[in-house]
Amino acid sequence: MIFRAVTGVMSTLDLMLALGGAAALLAAILPDVLARRPVSLPLVYLVAGVLLFALPIGLPEPDPITHRTALEHITELCVVVSLMGAGLAINRRTGPRGWSTTWRLLGLAMPITVVMVAAAAVALPGWPLAAALLLGAVLAPTDPVLASDVSVGEPVDAENADDEVRFALTSEAGLNDGLAFPIVYAAIAVAVSAGAGRLGEWALVDVLYRTAAGLVAGLLIGYLLGRLFFRGAAGGPPLSERRDGFVALAATFLAYGVTELIHGYGFIAVFVTACAIRSAEHGHGYNNVLHGFVEQLERLFTAWLLLLLGGFVATGGLAALTWRGAAVGLLLLLVIRPLAGWLSQWGGRAGPRERLAISFFGIRGIGSLFYLAYALGEADFGVPAEELWAVTGFTVVVSVVLHGITATPIMRHVDAIRDDRAATSDR
């Protein structure tokens, strides 16, 4: 009996290792295969996960409630790695004018989205305020992990290489993952009946201190690492001469860990650290080495997590979804985000068609899964966890399908418009 039990465990482990290896291999092969096709890599993995977990091959059920802690840390790791990659890839230097679209999306579109999603959750499923506010916080941030098809590419020397659509979506996703945390903390405070009493503490600590700590820590760590990477220390050669890509992972963990130790927002610190490293030697080829390593890790984590998300769908994870909960998710993707994104850019840098693209591609993904897993470990929100996971999972799945199918043709159209403008200006 003991031998059979051990054999069963080993068989399951072997199967998972085999599937994980296959997924990792496909993460290297599929980008070239899917290039210029109206199918994204995340969509392929999502469908593959549904099919795999629907087969009677003995895969364990990916239950986010039972495995909440593991899911929280895995998604956390995936997001921070993606944030480092996003920051290293942005070619435009930080400034009030060049980043004006980003500031509009963060300062206007994100709060509007939180309020409208929370209002929809109260009006349609009839959720209590704590759960509605949590859903707004969970679904408001756009995702740096699943947005590769609409993000900036590899680092290049030219600062004007990023078009407004790709730059806005990348920079927005790089910062709003961290900026959602104060709203999550507000939802937790309401859930534990401490909302009114904690208002002052929330504003001073959760909003001001933690945000400022993330920004300052990111700038300081990025500055010091930039000097170490490109100028060396104590008269020694700079690390850039060794061309070690894994140093990007060291920078990610260092920035995140130090900032969290001082109770700042690590997500913000990682992205700011990456931008600071990039600005230290903007056109240096070592930036490409660092970004390439992080991008490979990101593809690997994305593949595994989306297989699990597909398994969540295949094993009945959406059984608790009601039509009212589904309506909230569809409203976010089809009405709330496009409207908030459009209004926030009124009179901004982007042209009308670029504004449409930026507004439409409010991709939801791994960050939403992390925030929900984290919050459910802190408080009871008056709504069954199964229903919260069903609404969030449904929204992410629809986002992967909707944006995965439309990304290539829409971005091709955006590129064509930009090329026409360039050709006209050269005449």
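Rounded to the nearest 0.5 Å, atoms CD1 (I112) and CD1 (I336) are 11.0 Å apart. Expressed to the nearest 0.5 Å, how far CD1 of I358 lies from OG1 of T102 amounts to 8.5 Å. Residue L220 holds its CG atom at 12.5 Å from CG of L215, rounded to the nearest 0.5 Å. Put simply, CH2 on W389 and CG on L372 are 4.5 Å apart, with the number rounded to the nearest 0.5 Å. Here the OH-CH2 distance, from Y185 to W202, works out to 13.0 Å after rounding to the nearest 0.5 Å. Here the CG atom belonging to L331 is positioned 12.0 Å from the CG atom belonging to L139, to the nearest 0.5 angstrom.
The backbone N or O of P96 sits nowhere less than 3.5 Å from a side-chain atom of S100 that would complete a donor-acceptor pair. The backbone N or O of T395 lies less than 3.5 Å from no partner atom in the side chain of S399, so there is not a single donor-acceptor pair. When atom types are taken as modelled, the side chain of T170 and the backbone of F167 share no donor-acceptor pair closer than 3.5 angstrom. At least one donor-acceptor pair closer than 3.5 Å links the side chain of D143 to the backbone N or O of G367. Remark: side-chain polar atoms of R104 are paired, donor with acceptor, to backbone N or O of W346 under 3.5 angstrom.
For the pair F301/I74, no side-chain contact is recorded, criterion being any heavy-atom separation below 4.5 Å from C-beta on. P128 is not listed as a side-chain neighbour of F381, based on a closest heavy-atom distance of 4.5 Å or more. Side-chain contact between I277 and T273 is present, with at least one heavy-atom pair separated by less than 4.5 Å. Contact check for R364 versus R337: side-chain heavy atoms found under the 4.5 Å cut-off. Side-chain atoms of V114 and L133, non-hydrogen and from C-beta on, do get closer than 4.5 Å to each other. Taking 4.5 Å as the limit, some side-chain heavy atom of M411 sits within range of a side-chain heavy atom of F361. For the pair L402 and F360, the minimum side-chain heavy-atom distance is below 4.5 Å. For the pair I262/Y209, a side-chain contact is recorded, criterion being any heavy-atom separation below 4.5 Å from C-beta on.
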Practice item. May I have the step-by-step check of side chain to side chain contact (heavy atoms under 4.5 Å, CB included) for S359 and Q345, ending in yes or no? Key: CA-CA 9 Å; S359 303; Q345 298 174 75; 3.3 Å; yes
Practice item. Check step by step if side chain to side chain contact (heavy atoms under 4.5 Å, CB included) holds for F253 and L77. Key: CA-CA 9 Å; F253 291 163; L77 179 60; 3.4 Å; yes
Point to revise | Pair N91-R278, side chain to side chain contact (heavy atoms under 4.5 Å, CB included): steps then yes or no | key: CA-CA 8 Å; N91 300 301; R278 179 69 197 279; 2.8 Å; yes
Review point. After noting the C-alpha distance and the side-chain angles of L41 and Y45, does the key distance pass the side chain to side chain contact (heavy atoms under 4.5 Å, CB included) rule?
Key: CA-CA 6 Å; L41 186 61; Y45 278 114; 3.5 Å; yes
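In terms of heavy-atom proximity, G107 sits nearest to P111 at O-CG, 3.4 Å. For the residue pair G214 and I268, the shortest heavy atom distance occurs at C-CG2, 4.0 Å. The shortest non-hydrogen separation linking A390 to G317 is CB-O, 3.8 Å. In terms of heavy-atom proximity, G136 sits nearest to V117 at CA-CG1, 3.7 Å. When all heavy atoms are compared, the tightest approach of A276 to G218 is CB-O, 4.4 Å. The two residues A326 and L321 make their nearest non-hydrogen contact at N-CD1, 3.7 Å.
Annotation: salt bridge (charged side-chain N to carboxylate O under 4.0 Å, His left out) contacts of R299 (sequence neighbours excluded): none. Take E72 and apply the salt bridge (charged side-chain N to carboxylate O under 4.0 Å, His left out) test, not counting sequence neighbours, and it matches R68. Remark: T66 engages D63 in a side-chain hydrogen bond (donor to acceptor under 3.5 Å, both in side chains) (not counting sequence neighbours).
Remark: R349 is not positioned above the aromatic ring of W99, lacking an NZ or CZ atom under 6.0 angstrom from the ring centre and at most 45 degrees off the axis.
No more than 12 heavy-atom neighbours from other residues, nucleotides or ligands sit within 6.0 angstrom of OH on Y223.
Using a 3.5 Å distance cut-off with no hydrogens or angles, the side chains of T142 and N176 do pair a donor with an acceptor. Y265 and E260 form no side-chain donor-acceptor contact under 3.5 Å, judged by distance and modelled atom types alone. A donor-acceptor contact under 3.5 angstrom links the side chains of E164 and T101, judged on distance only.
The distance between the ring centers of F267 and Y256 falls below 6.0 angstrom.
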